[in-house]
Number of protein chains: 2
Amino acid sequence: MEKNLSKEKRQERIKEKISTNPFLSDEQLAKIFRVSIQTIRLDRLEMGIPEMRKRVITLARNASSKVKALNKNEIIGDLIDIDLGKSGISTMHTTKDMAFGKNNIVRSHYIFSLADSLAMAIIDSDVVLTGIARLRYKKPVYSGQLLVAKARIATKKSNKYLVSVHIKCNHKEVFTAKLIMVSLEQKSNNSTFNIDNQKIKEF
Amino acid sequence: MEKNLSKEKRQERIKEKISTNPFLSDEQLAKIFRVSIQTIRLDRLEMGIPEMRKRVITLARNASSKVKALNKNEIIGDLIDIDLGKSGISTMHTTKDMAFGKNNIVRSHYIFSLADSLAMAIIDSDVVLTGIARLRYKKPVYSGQLLVAKARIATKKSNKYLVSVHIKCNHKEVFTAKLIMVSLEQKSNNSTFNIDNQKIKEF
DNA sequence: GCAGCCTTTATTAGGTGCTATTAAAATATT
DNA sequence: AATATTTTAATAGCACCTAATAAAGGCTGC
C-alpha cells in the first residue's frame, strides 16, 4: 500500500491510520507500510500508542459510558436553577456532533430537546408529556456556543401546564417556545389517554 | 462472591454479569462464581456467548458506527419515499433508549426529530433551517413501535416553505405538525439572517 | 575507507486470554 | 450399583502483544 516513507512520515501516517481505524493490528500495519512488525512496534512505542487490544477496550469503555450517560440523562442540558412548579434555568454546550457538517448550524431538534426537557423538569409531577408546542427559531446557533434556557409555567389548568421557554445565546434570543405539557398522574389511565385539541392562548 | 448455584442459575447470572460488564474475563468470572475456568468456558459455549475480547470488539465497533451514523445521518429515520419539492415518507423504529425508563414512552424530541428532518429532506435546497413549528402530540408512543411520517409542502413563499407532517403508529395518528422551513441559499448571508416573526396561517 | 550514528529487522522468552480436545474426577439420578 | 450429568484438569495451539538483546543496513563526516 504505502512504501518508502521516511520514519517521520511513516509515524504520521500510522497515527492517521490508527485514528481512522483503531482495529488495525501491528501485523496489518506492517503489511500496509511494507515494513517489519518490529518497526511498527518501535513506532508505536515512540509515539506512545497502545496496542490494538487496549485501544479497542478504551473505545468500548468510552462508548458504553456515553450510551449510558445518554440514557441516564432524562434531562437534556444542565439544570442550573429550578423553582419546582414555577420556573427553571438550564444550559447546554453545543458541540460539533449536534450540528450539520457543512455549516456548523446546530440542528433544531437539539434546541427543542433543551426546551422540552426543561419544561418537563419544572413541572412537579412524575409523568409529564408534551402535548402541544409552538416553536420559534429566531437565529441559527453555531456549534461551540453555549445556550441558556429559561422556562416559566405561565398557566395551569387541571393537569395541563402552559410553559414558556426562552433560549439565549450570547445574550441574544435564538429560540422561544410555548409548550402545553400534560401531567399523567395516577388518576389518568393510558387506554383513554387523549390530549384535547385545545388551542394555546396568548401566543 | 456468589457460590453453590445450580448450573442453570449460574448460567443465568453469568449472562447478567456479562451484560452489565462485558469486560469480564473468564478468569474473573471463575473467581466470582467460585468455579473453575473450564466451567465458565463450558457455560459460555452452551449459551453461545463469545469470549471477552470479541465482545469488546463488537462493542467498540457498534459504538463507533453508532456515533458515525448519528453524525453522518443528517436525516433521522429512514427515508422511504420522496418527491423532492413536494412530499416524502420516512419511518423510524423506536427503541428503548429513545424512551423514558419508567414508562417506555418515547421522548417527544425523537418524534419531533423525525418530523423535522423529513420536512428538511423534502425541500429542494442545500441549506434548510426550521423557522417556526407547531407540534401536536396526540397519543403517547411506546418504545418498540414503528412510526410512519408523511410530510407535504403546503405552500411556498420565496424562501419559506410551510410543511405539514403527520406521524402514524399502527394506523393511528400520534403526532401532527406544521413547520415553516427557511431555505438559506447562496443569496442569503448569515450576518443578517433573521427569521420573520410571521404567523402560520390555517393552523 | 571506515567509524559512528540512526534505522530497521530478527530472535527469543514471556504474558494474556482465549479455542479445542481428551480425559478423569465429582456429583446426581434412576 | 450403574448410569448420567456436571465439573475440573491437562495439553496443544493461536492471536496479539511486551521486553530485551542483537545484528544488519544505510548515511554522514572525517
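Since the model is a prediction, treat every value here as computed from it, not as a measurement. Values below: every heavy atom of this structure, side chains too, minus hydrogens, waters and symmetry copies.
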Interatomic distance where [atom1] belongs to [X] and [atom2] belongs to [N] [whole Å]:
{"X": "A/F33", "N": "C/dT7", "atom1": "CZ", "atom2": "C1'", "value": "17 Å"}
{"X": "A/R44", "N": "D/dC17", "atom1": "CZ", "atom2": "P", "value": "6 Å"}
{"X": "A/I40", "N": "D/dC16", "atom1": "CD1", "atom2": "C1'", "value": "14 Å"}
{"X": "B/L24", "N": "C/dT16", "atom1": "CG", "atom2": "P", "value": "17 Å"}
{"X": "A/F23", "N": "D/dC17", "atom1": "CZ", "atom2": "P", "value": "13 Å"}
{"X": "B/D43", "N": "C/dC18", "atom1": "CG", "atom2": "C1'", "value": "16 Å"}
{"X": "B/I37", "N": "D/dT6", "atom1": "CD1", "atom2": "P", "value": "21 Å"}
{"X": "B/K7", "N": "C/dA28", "atom1": "NZ", "atom2": "C1'", "value": "13 Å"}

Within the pair [X] and [N], is there a side-chain N or O less than 4.0 Å away from OP1 or OP2?
{"X": "A/R41", "N": "C/dT8", "result": "no"}
{"X": "A/S36", "N": "C/dT9", "result": "yes"}
{"X": "A/R10", "N": "C/dT8", "result": "yes"}

Salt bridge or not between [X] and [Y]? Use side-chain N to carboxylate O under 4.0 Å.
{"X": "B/E16", "Y": "B/R13", "result": "yes"}
{"X": "A/E12", "Y": "A/K17", "result": "no"}
{"X": "A/E173", "Y": "A/K138", "result": "yes"}

Aromatic ring pairing B/F112/A/Y137, orientation class (parallel under 30°, perpendicular over 60°, tilted between): parallel
Per the under-4.0 Å heavy-atom filter, residues of residues 46-57 of chain A near DNA chain D come out as A/E51, A/M52, A/R53
Nearest of D/dA19, D/dT8, C/dG17 to any side-chain atom of B/Q38? D/dT8
Select one nucleotide: of D/dA19, C/dT8, C/dC18, the one nearest the side-chain heavy atoms of A/T39. C/dT8
Is A/L42 touching bases, backbone alone, or none of the nucleic acid, heavy atoms closer than 4.0 Å? base
Tell me whether the NZ or CZ atom of B/R55 lies within the 45° cone about the ring axis of B/F23 and under 6.0 Å from its centre. no
Are more than 12 heavy atoms from other residues, nucleotides or ligands located less than 6.0 Å from atom CD of A/E8? no
Using a distance-only test with no angle check, is there a side-chain donor-acceptor pair under 3.5 angstrom linking A/D116 and A/T130? yes
